Amino acid sequence: MNFKLTIGWLYPSLMSTYGDRGNVIVIEKRCQWREIETHLTRIEIDTTNRELESCDLILGGGAQDRQQEMAVSDLLKRKNVLKEMFDRGIPGLFVCGSPQLLGHYYVTGEGKKLPGLGIFDYVTQHFGNDKPRCIGNTIGKIDSKFEIRNSKFKNTIVGFENHGGRTYLGKDCVPFAQVIKGYGNNGEDKTEGAVYKNVIACYYHGPFLSKNPHVADWLIKTALELKYKKEIELDPLDDELEWKAHEEILNRMNMK
Ligand code: GLN
């Protein structure tokens, strides 16, 4: 059977800081190496919701406050479509600026409150110059829920964070990871990111997926299984270089 995935990339021209575009490339490549066909749909401000709805996997990157402000009014119009897709189980990965818009609100560095989609139960506040930016390499510990067959699993994730906004999870909101090194959501409670159904929100740039092939494969497998309604085993790949990059961050942070 020939598998095919349509990857939706939210606001490529407004939201792709610190290499987040690389997440799209990683998904495309890992599919290509396994002869899974991919189609990339760029969701820009004038893209129809019909095109968005046809995506099997959604990726969103980071952006500074100004670009977030430009994107959010369009994103709010897509709230019901996105929520319905996520509730159906469509997987996604949103990094830094984009997940800030998926919570209840984001208060920018200038104190402007941007309403969010309220899909994730969290709020984000940028304290301007009152608190330092959260910058640096970061390591987290993830749940075995992300372990899949035929792909090596490590319970660590590594990345690079750079955010002024601090995210505070609601009481039922499940974090994506527990902070081992770095700031995570807010530098206080050791939570990193959040998970809603099969959607991951996180602060890890890098790009994240190039150094975390286990999470990339989890996203691909989840998207394929939802689309084809059956269990799918991914062909194993030679991830020596990817894991070396992962280990390098662990070493630098004295984790090994
Ligand atoms: N503007 C947001 C912040 O500083 C997001 C930054 C980013 O995406 N790297 O918190």
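Computed from a predicted structure; not experimentally measured. Residue indices begin at 1 and follow the sequence shown. Counting starts at 1 for both ligands and their atoms, in listed order.
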Anything under 3.5 Å between a donor and an acceptor, one on a side chain of residues 128-135, the other on a protein residue two or more places apart or in another chain? List them.
from, atom 1, to, atom 2, distance (Å)
Arg133, NE, Asn162, OD1, 2.8
Arg133, NH2, Asn162, O, 3.3
Arg133, NH2, Asn162, OD1, 3.2

Anything under 3.5 Å between an N or O on ligand 1 and a protein N or O? List each pair with its distance, or write none.
from, atom 1, to, atom 2, distance (Å)
ligand 1, 1 (N), Ala63, O, 3.2
ligand 1, 1 (N), Asp65, OD1, 2.7
ligand 1, 1 (N), Gln68, OE1, 2.8
ligand 1, 4 (O), Arg133, NH1, 3.4
ligand 1, 4 (O), Arg133, NH2, 3.3
ligand 1, 4 (O), Gly164, N, 2.9
ligand 1, 8 (O), Ala63, N, 3.0
ligand 1, 8 (O), Ala63, O, 3.2
ligand 1, 8 (O), Gly97, N, 3.1
ligand 1, 9 (N), Asn162, O, 3.0
ligand 1, 9 (N), His205, NE2, 3.1
ligand 1, 10 (O), Gln100, NE2, 3.0
ligand 1, 10 (O), Gly164, N, 3.0
ligand 1, 10 (O), Gly165, N, 2.7

Checklist outcome for this item: The side chain to side chain donor-acceptor pair (under 3.5 Å) partners of Tyr122 (sequence neighbours excluded) come to none
Considering only distance and modelled atom types, tabulate donor-acceptor pairs under 3.5 Å from the side chains of residues 80-90, sequence neighbours left out.
from, atom 1, to, atom 2, distance (Å)
Lys83, NZ, Asp87, OD2, 2.7
Lys83, NZ, Tyr196, OH, 3.3
Glu84, OE2, Arg88, NE, 3.0
Asp87, OD1, Tyr196, OH, 2.3

Next on the checklist: Within this structure, what is the OG1-CG distance for the pair Thr222 and Asp56, rounded to the nearest 0.5 Å?
Outcome noted: 12.0 Å
Next on the checklist: For a quick check under 3.5 Å, do Asn185 and Thr167 share a side-chain donor-acceptor pair by atom type?
Outcome noted: no
Next on the checklist: Under 3.5 Å, is there a donor on one side chain and an acceptor on the other for Tyr204 and Asn212?
Outcome noted: no
